[in-house]
Amino acid sequence: MDLGEIDLDHTLSCGQAFRWRKQEGLWKGIVAGDEVVLRKTGDEVDVQTSLSDRAVRQYFRCDDDTEAIFADIRKDRYVARLLRQYHGLRLLRQDPWECSASYILATYANVPRIIQMVEKVCRAFGTKLSEGTYAFPTPDQILKKRDRAGTCGLGYRCDRFVEFARSVHEGEVDFGSLKRASYLDCIRELVRFDGIGNKVADCVAIFSLDHLEAFPIDVRIGRVLEQRYGVQGSYRKVGAWAREHFGCYAGYAQEFIYYDQDARNRTVNKRR
DNA sequence: AACCAGGTCTCGA
DNA sequence: TCGAGACCTGGT
């Protein structure tokens, strides 16, 4: 399948999605309740899955005009370098429920632990797809066995997680309308839920609701903005600056910066 | 063995 | 609206 210019390693290991693993040169993941196996074959990607081509292309945001987007966020030397260095890094379009529930778990935890928590949740509640592989659970599946949540090592995120599942199950969230809403309205709605603050709301907005101007600011991004651009202040203020500077696709720039910081950490750890 | 993590919540100014 | 502290738990 032609997924456009994409580097699977960059795209699937950059920390935006938590259910992809590289095994023996293959990328294996679970998308929309289906197993997906990816293998790079020259310019194209061999995709093994029962998902439709349309669903796969939607997940990998093949509808994005990346050339135009990258041209638009190339506002300075730094981003220009990152675009070159991490050529083929793409954003994904994740399922809004899975994305928001996962990022509620992602607060104040490192990526390995987030992956661990999500995995435990899938094993505790999700539909078994094959030996050792489970789908991300639906809100309903979580509620039916809610007492199992305590065994997933979620810490103080546990109650928020179950409560959010209840909210979604009760129809208190309409992801479709959040997609159609303006970025600011979308964020305003999301932060009303326990466990979703500015940062998580931005992650959900960009990774699953097509609000590409969302610019999640974690500690690392905050440091880069301060040291490289001399910007600091409240979350709202810095975010507004980023959208002003990088434009309506600011979120794409954010992902390159985040990945670069992540890569730096990895090389530093290797030396030790 | 400490330190820290893709932050959020609560509370007070 | 903003800044300061507390916070489950496990990886490194």
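Naming: A, B, ... by sequence-line order, numbering from 1 per chain. Basis for what follows: all heavy atoms, side chains included, without hydrogens, waters or symmetry-related copies.
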> Does Arg220(A) have a side-chain nitrogen or oxygen under 4.0 Å from the phosphate oxygens OP1 or OP2 of dG6(B)?
Replying inline: yes
> At under 4.0 Å between heavy atoms, what does Gln261(A) touch on the DNA or RNA strands: base, sugar-phosphate, or nothing?
Replying inline: nothing
> Using the P atom in both, what is the distance from dG5(C) to dG6(B), to the nearest Å?
Replying inline: 23 Å
> Hey, does the side chain of Ser234(A) come within less than 4.0 Å of dC2(C)'s phosphate (OP1/OP2), counting only N and O?
Replying inline: yes
> Within the structure shown, what part of the strands sits under 4.0 Å from Gly15(A) by heavy-atom distance: base, sugar-phosphate, or nothing?
Replying inline: base
> Counting any heavy atom closer than 4.0 Å, what does Gln16(A) reach on the DNA or RNA strands: base, sugar-phosphate only, or nothing?
Replying inline: base
>> Can you confirm whether or not the ring centre of Phe215(A) sits under 6.0 Å from the ring centre of Tyr249(A)?
In response: no
> Taking the same atom, P, in dG10(C) and in dC9(B), what whole-Å distance lies between them?
Replying inline: 22 Å
>> I'd like to check Leu51(A) versus Val36(A) (side-chain heavy atoms, cut-off strictly below 4.5 Å). Are they in contact?
In response: yes
>> For a quick check, tell me whether the side chain of Arg157(A) and the base of dC8(C) share a donor-acceptor pair closer than 3.5 Å.
In response: yes
> With sugar-phosphate meaning primed atoms plus P, OP1 and OP2, does Phe207(A) contact a base, only sugar-phosphate, or nothing at under 4.0 Å between heavy atoms?
Replying inline: base
> Taking the nucleotide of DNA chain B with the closest heavy atom to each, which residue, Gly197(A) or Arg223(A), is nearer the 5' end?
Replying inline: Arg223(A)
> Does dC8(C) have a Watson-Crick or wobble partner in any strand here, with both distances under 3.5 angstrom, and which is it?
Replying inline: none
>> With a 3.5 Å limit on both atom pairs, tell me what dG6(B) is paired to, counting Watson-Crick and G-U wobble, or say none.
In response: none
